Amino acid sequence: MQSQRTIKIFVVLAILALAGHFSLVLIYCFRDFAPPKVQHLSDRYMVPCFHQNWKLFAPDLPKYNAELEYRFAKSSSWSDWADVSAHSGFDKRSKIETVEQGFNSSLSWQILNNYYSVEGRPQFDRLVSSPSYADALFMTLKMHQLKYGEKPDSVQIRMNFRFTPAPDQARNFQSTYLEFPIYKPEDN
């Protein structure tokens, strides 16, 4: 008698545990329909053991690699173009490079959606008024200040797009640049 009661309790607890598990999985999968508190509970349960970052399948190759480059003028002489983070001494695997790539992605989106021309002349009004451009310019000026300890007279940024060839094509990369208008920092 006692063993049947124990088995019944075990079965009920197992069913409740499975129901709870599958409920949290469903909430995690369809999180947009759940209240924030329920989402948080589901995240706390799912992320440590069950979250998948979907790197199991072959990666979708990026169409291009975007690098933020800049040059600066000091005493009416322009420097050569240089990668913003690398020029300041940061490695490709550094956190600063990760931050720069975030700005690059945002600025690339702006270029794709807001760059246009009128009568064959490029128009930068939408791009330079975007927060993405302001972020990239701010990072550039801060990296320059970190390296040289002073503001440049003028600075110009550009995006260097290096396109990825198709897997079955020759291994030659094509690059193109989009140079933004020259920016002259104001003295504070």
Side-chain angles (χ1 to χ4, degrees), residues 43 47-48 51-118 120-188:
D43 289 348
V47 171
H51 176 73
Q52 295 180 11
N53 59 8
W54 300 106
K55 291 185 180 177
L56 176 66
F57 304 105
D60 185 18
L61 293 175
K63 293 182 172 106
Y64 58 85
N65 179 30
E67 287 296 332
L68 181 63
E69 298 178 344
Y70 86 113
R71 66 181 182 156
F72 63 94
K74 195 71 177 163
S75 305
S76 301
S77 175
W78 283 97
S79 68
D80 292 331
W81 289 100
D83 180 274
V84 171
S85 57
H87 184 71
S88 297
F90 292 97
D91 186 63
K92 287 282 186 198
R93 294 180 189 93
S94 70
K95 290 182 181 180
I96 292 295
E97 179 66 24
T98 304
V99 171
E100 180 185 338
Q101 287 302 319
F103 291 147
N104 294 352
S105 296
S106 181
L107 193 55
S108 295
W109 186 92
Q110 287 292 331
I111 292 168
L112 180 65
N113 292 287
N114 291 318
Y115 180 69
Y116 66 102
S117 62
V118 173
R121 292 189 339 232
Q123 303 296 307
F124 290 95
D125 58 329
R126 294 179 188 161
L127 296 175
V128 298
S129 64
S130 72
S132 303
Y133 174 76
D135 291 342
L137 191 58
F138 179 78
M139 180 182 178
T140 301
L141 291 171
K142 284 300 178 187
M143 291 287 108
H144 180 84
Q145 210 167 11
L146 179 69
K147 181 169 175 108
Y148 296 104
E150 60 186 7
K151 286 183 181 178
D153 294 338
S154 298
V155 67
Q156 185 178 20
I157 64 173
R158 75 177 180 184
M159 289 297 290
N160 176 357
F161 294 100
R162 186 174 179 209
F163 293 94
T164 306
D168 59 343
Q169 301 296 317
R171 284 307 214 175
N172 55 352
F173 289 90
Q174 295 178 352
S175 292
T176 189
Y177 305 95
L178 179 63
E179 295 179 7
F180 288 84
I182 295 171
Y183 175 78
K184 184 172 172 83
E186 297 176 9
D187 293 327
N188 292 333

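From a predicted model like this one, the values you see are computed outputs, not experimental measurements. We number each residue from 1, following the sequence as shown. Just so it is clear, the values below take in all heavy atoms, side chains as well, and ignore hydrogens, waters and symmetry mates.
- The main-chain N or O of I182 is never found under 3.5 Å from a side-chain atom of S154 such that the two would form a donor-acceptor pair.
- The two residues L107 and A136 come nearest to each other via the heavy atoms CD2-CB, 4.0 Å.
- Contact check for H144 versus V155: no side-chain heavy atoms found under the 4.5 Å cut-off.
- Without hydrogens or angle criteria, N114 side chain to L127 main chain gives no donor-acceptor distance under 3.5 Å.
- Between F90 and T98, the closest side-chain pair of non-hydrogen atoms is not below 4.5 Å.
- Here the closest heavy-atom approach between residue P181 and residue Y133 is recorded as O-OH, 4.0 Å.
- Side chains of D135 and S106 form no contact here, defined as non-hydrogen atoms less than 4.5 Å apart.
- Two residues are said to be in side-chain contact when any heavy atoms from C-beta on lie closer than 4.5 Å; T140 and F103 fail this criterion.
- The heavy-atom pair separating N65 from Q101 by the smallest distance is OD1-OE1, 4.3 Å.
- Counting only distance, with no hydrogens or angles, the side chain of E100 and the backbone of S85 share a donor-acceptor pair below 3.5 Å.
- More than 12 non-hydrogen atoms from other residues, nucleotides or ligands lie less than 6.0 angstrom from OH of Y148.
- Heavy-atom neighbours of D91 CG from other residues, nucleotides or ligands within 6.0 Å: above the threshold of 12.
- Judged purely by atom type and a 3.5 angstrom limit, S79 uses its side chain to pair as donor or acceptor with the backbone of F72.
- Ion pairing between a basic and an acidic side chain is recognised when a charged N comes within 4.0 Å of a carboxylate O; K92 and E67 show such pairing.
- Between W78 and R71, the shortest heavy-atom contact is CE3-CG, 3.5 Å.
- Screening F180, Y183, Y70 against L137 for a side chain to side chain contact (heavy atoms under 4.5 Å, CB included) leaves a single residue, Y183.
- When all heavy atoms of S117 and G120 are compared, the closest pair comes out as CB-C, 4.3 Å.
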